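Structure first, commentary second.
Values reported hereafter were calculated over all heavy atoms of this structure, with side chains retained and with hydrogens, waters and symmetry mates removed. Chain letters run A, B, ... following the sequence lines, proteins first, then strands; residues in each count from 1. Just so it is clear, the model here is predicted, and its values are computed rather than measured.
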Number of protein chains: 2
Amino acid sequence: MTTETGPVPRTPLTRDRVLRAAIAIADGGGLGALTMRRLAEHLGAEAMSLYYHVAGKEELLDGVVDVLVGEINEVTGRIGRPAGGWQPAVRATVLAAREVLLRHPWAPRVLESRTRTSPEVLRYYDALLGMMRAGGFSYDLAHHALHALGSRALGFSQELFDPAAGADQPPDAALADLAAELPHLTGMVREIAHDDPGSTLGWCDDQAEFAFALDLILDGLDRLRAAA
Amino acid sequence: MTTETGPVPRTPLTRDRVLRAAIAIADGGGLGALTMRRLAEHLGAEAMSLYYHVAGKEELLDGVVDVLVGEINEVTGRIGRPAGGWQPAVRATVLAAREVLLRHPWAPRVLESRTRTSPEVLRYYDALLGMMRAGGFSYDLAHHALHALGSRALGFSQELFDPAAGADQPPDAALADLAAELPHLTGMVREIAHDDPGSTLGWCDDQAEFAFALDLILDGLDRLRAAA
DNA sequence: CTGTAAGTCTTACAACGTAAGGGAGGCTCC
DNA sequence: GGAGCCTCCCTTACGTTGTAAGACTTACAG
């Protein structure tokens, strides 16, 4: 028996739909959950159907980056020039970018892994450069500035170890032995735990540390600009 | 027929031998070349034999990090305290660490991907902390300092886009259109290419940029130390 | 009605990490 | 000296991944 009303045609696949679904999956289950099969399933399709809209997984991730940084550009494009020159402008932009990235904790890892240069990232850098130029930076100093900021320009920074991550595992006996060899580290932890009792765990305020480092760099740059 | 001289017993597998072979493979063929099967083959063994010495691939990479940072600690432990206080000491240490990492271009990616806290990394941080403490840092400021340095403390930094990487691909027509939207970026490239003609490609001196950023941060920290 | 193109699906493969368990060699203890 | 055990390595096999090759379906143009 053939019914009059055929199967409802799903909303068709689109490159954009694919990219946004990929972001949704990574948001929900982390980067490891983002596989071509799961992505297809999420879209009510088969894995190989994705390849018509996206050349492969690498290209998919390239696209994801574009969408993500595009979102950042949209946000940062809306913040008007704050008063006070280049420094508040750059600061506000970077912190806004960070806010977007905080909603996608997996994003830094993807950003770092790209080899291709994203157009949206270029746009972002161009905006930063514009603020610095307007603030009196030479191209040369602005160039140094971008390198000095590194990934911090986009709102994230790589921590070599995350005390909070290790804090929940059992306090290893070998690690206790090790602590004896680390006088300064243990001293630091002890003092800060003393100042702020109740939280040896999570005792690093990521946001405050990020802002501290950002301002440190921006202040240094401004000094160089003024000296030039 | 049984021969008197049996099959020569290969040098036995060892956790250390496994880790060092892993490093050798990554050095030679990149991180992608480092698979359990290839690693075993390199050692004249079967893949599953590795699992007696190493719990799994993640634990293998943890071990690789320990060996690598151990190498750094060995190198940086040998440099005597340079005259001039904490800043030259930290600077020399970080640059020495960088030199080691430059011999293993895949290492940053591994470092970043670890969740476990490496004992060797802790040792390294403790050494840095010691220099700062000796230079008059409070624990609080030293703590901020480590965060501000981030991955730069170990000698690498994440660049959001590597102009050299994209420089060899054909100058895309779409990218040419894009350039029109990026006045500051194109202006910067034009000027720097003018100052130093002959190399639009590879026009960023990574080593110089790294040192610039490092000094920028160290100078800023020293100012805070002096003000305290 | 007949191409032709766009879009999706089926099938299949190689490579990966690793679980499960077998077996050889050497040690200790009766 | 034999029994049992521990150390170390191997064989086999499974599930998952990205994706190459190509067949099918639908829509539309001539």
Side-chain angles (χ1 to χ4, degrees), chain A residues 2-26 28-65 106 109-110 113-116, chain B residues 2-26 28-65 106 109-110 113-116:
Chain A
T2 61
T3 64
E4 177 83 350
T5 65
V8 265
R10 274 174 323 242
T11 63
L13 251 39
T14 301
R15 180 177 164 89
D16 194 65
R17 244 167 63 78
V18 169
L19 297 182
R20 292 187 188 281
I23 292 178
I25 289 178
L31 207 50
L34 178 54
T35 71
M36 297 303 271
R37 287 172 163 82
R38 253 193 288 270
L39 177 53
E41 195 184 358
H42 238 70
L43 291 162
E46 297 300 315
M48 289 311 291
S49 304
L50 302 175
Y51 284 77
Y52 187 83
H53 304 276
V54 149
K57 189 163 190 190
E58 285 302 297
E59 210 262 342
L60 170 79
L61 293 178
D62 284 345
V64 162
V65 164
W106 46 271
R109 195 175 299 285
V110 178
S113 70
R114 296 310 76 206
T115 76
R116 155 180 165 276
Chain B
T2 60
T3 64
E4 178 84 346
T5 66
V8 267
R10 268 177 328 244
T11 63
L13 251 41
T14 301
R15 181 177 162 90
D16 194 65
R17 243 166 66 76
V18 169
L19 297 182
R20 293 188 188 280
I23 292 178
I25 289 178
L31 208 49
L34 178 54
T35 71
M36 297 303 271
R37 289 175 219 272
R38 252 193 289 270
L39 177 52
E41 195 183 358
H42 238 70
L43 291 162
E46 296 301 314
M48 289 311 290
S49 304
L50 303 175
Y51 283 77
Y52 187 83
H53 304 276
V54 150
K57 189 164 190 188
E58 284 302 296
E59 210 262 342
L60 170 78
L61 293 178
D62 284 345
V64 163
V65 164
W106 47 272
R109 195 174 299 285
V110 178
S113 70
R114 297 307 77 207
T115 75
R116 156 178 163 276

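In this structure, B/Thr11 OG1 and B/Arg17 CZ are separated by 3.0 Å, a value rounded to the nearest 0.5 Å. Residue A/Leu39 holds its CG atom at 4.5 Å from CD1 of A/Ile25, rounded to the nearest 0.5 Å. Considering NZ of A/Lys57 and OG1 of A/Thr35, their distance stands at 6.5 Å, rounded to 0.5 Å. Taken to the nearest 0.5 Å, the CZ atom of A/Arg37 stands 11.0 Å off from the CG atom of A/Leu50.
Considering all non-hydrogen atoms of both residues, B/Gly29 and B/Ala33 come closest at O-CB, 3.4 Å.
With sequence neighbours excluded, the residues satisfying side chain to side chain contact (heavy atoms under 4.5 Å, CB included) with B/Tyr51 are B/Met36, B/Met48. For the side chain to side chain contact (heavy atoms under 4.5 Å, CB included) test, residues two or more places apart in sequence or in another chain that qualify with B/Glu41 are B/Arg38. Residues that satisfy the side chain to side chain donor-acceptor pair (under 3.5 Å) test with B/Glu58, not counting sequence neighbours, are B/Arg114.
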Mind listing the N/O atom pairs, protein and nucleotides 13-19 of chain D, below 3.5 Å?
from: D/dT17; atom 1: OP1; to: A/Arg38; atom 2: NH2; distance (Å): 3.2
from: D/dG18; atom 1: OP1; to: A/Lys57; atom 2: NZ; distance (Å): 2.7
from: D/dG18; atom 1: OP2; to: A/Met36; atom 2: N; distance (Å): 3.0
from: D/dG18; atom 1: N7; to: A/Arg37; atom 2: NH1; distance (Å): 2.7
from: D/dG18; atom 1: O6; to: A/Arg37; atom 2: NH2; distance (Å): 3.2
from: D/dT19; atom 1: OP2; to: A/Tyr51; atom 2: OH; distance (Å): 2.8
from: D/dT19; atom 1: OP2; to: A/Lys57; atom 2: N; distance (Å): 2.9
from: D/dT19; atom 1: O5'; to: A/Tyr51; atom 2: OH; distance (Å): 3.4
from: D/dT19; atom 1: O4; to: A/Arg37; atom 2: NH2; distance (Å): 3.4

Provide a list of protein-nucleic acid N or O atom pairs under 3.5 angstrom, restricted to nucleotides 6-8 of chain D.
from: D/dC8; atom 1: OP2; to: B/Tyr52; atom 2: OH; distance (Å): 2.8

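Between the P atom of C/dC16 and the CD atom of B/Glu41 lies a distance of 10 Å, rounded to the nearest Å. Taking atom CD1 of B/Ile25 as the reference point, atom P of C/dC16 lies 11 Å away to the nearest angstrom.
Across A/Val54, A/Leu19, A/Val110, a single residue satisfies side chain to side chain contact (heavy atoms under 4.5 Å, CB included) together with A/Leu61, and that is A/Val110.
The phosphate of C/dG7 has neither OP1 nor OP2 within less than 4.0 Å of any side-chain N or O from A/Ser49.
Summary for the helix from C/dC1-D/dG30 to C/dC30-D/dG1: the axes at its two ends, each from 5 pairs, differ by 20° when rounded to the nearest 10 degrees.
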